[in-house]
Amino acid sequence: MAKALLGYVGGPDPRVLSEMRRLQQRVQDLESELTRMQAENDALSSVADHEQLLRSIDVPQPVPAYS
């Protein structure tokens, strides 16, 4: 009787199952996108750190070569 009152007669609603599958797929897609963006951010940060290191090195101005 309790199941009937809660709407569980005849098994789970296919629309709810379909929506749950769709949402699970969306979560997986978003997690993949997040992983990709974090990797891209790490790569960009590495390049920025390298460029900052190069800028911090004190290099004297080149002297023209005399012939």
Side-chain angles (χ1 to χ4, degrees):
M1 174 109 169
K3 287 183 180 180
L5 292 174
L6 293 174
Y8 290 116
V9 175
D13 186 354
R15 293 172 294 181
V16 172
L17 293 176
S18 175
E19 181 68 6
M20 187 170 41
R21 277 189 232 104
R22 187 187 71 76
L23 291 172
Q24 287 172 337
Q25 182 61 48
R26 181 69 176 140
V27 168
Q28 284 180 339
D29 293 344
L30 291 171
E31 288 173 340
S32 297
E33 180 73 8
L34 177 62
T35 301
R36 184 191 66 77
M37 292 179 81
Q38 285 173 332
E40 185 178 338
N41 188 46
D42 291 344
L44 290 172
S45 293
S46 173
V47 169
D49 290 343
H50 181 71
E51 288 178 5
Q52 181 65 28
L53 176 65
L54 291 177
R55 277 191 233 118
S56 70
I57 298 173
D58 187 25
V59 179
Q61 293 295 324
V63 178
Y66 295 103
S67 45

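Predicted model, so just to flag it, every value in this text is computed and none were measured. Below, each value reflects all heavy atoms present in this structure, side chains not excepted, and no hydrogens, waters or symmetry copies.
Asp42 places none of its side-chain heavy atoms less than 4.5 Å from the side chain of Ser46.
A salt bridge is defined here as a Lys NZ or Arg NE, NH1 or NH2 lying under 4.0 Å from an Asp or Glu carboxylate O, and Glu40 with Arg36 meets this definition.
Rounding to the nearest 0.5 Å places CG of Asp29 at 12.0 Å from CD of Gln24. Taken from CZ in Arg21 to CG in Leu23, the straight-line distance is 11.5 Å, to the nearest 0.5 Å. Annotation: the span from Arg22 atom CZ to Glu19 atom CD amounts to 4.0 Å, rounded to 0.5 Å.
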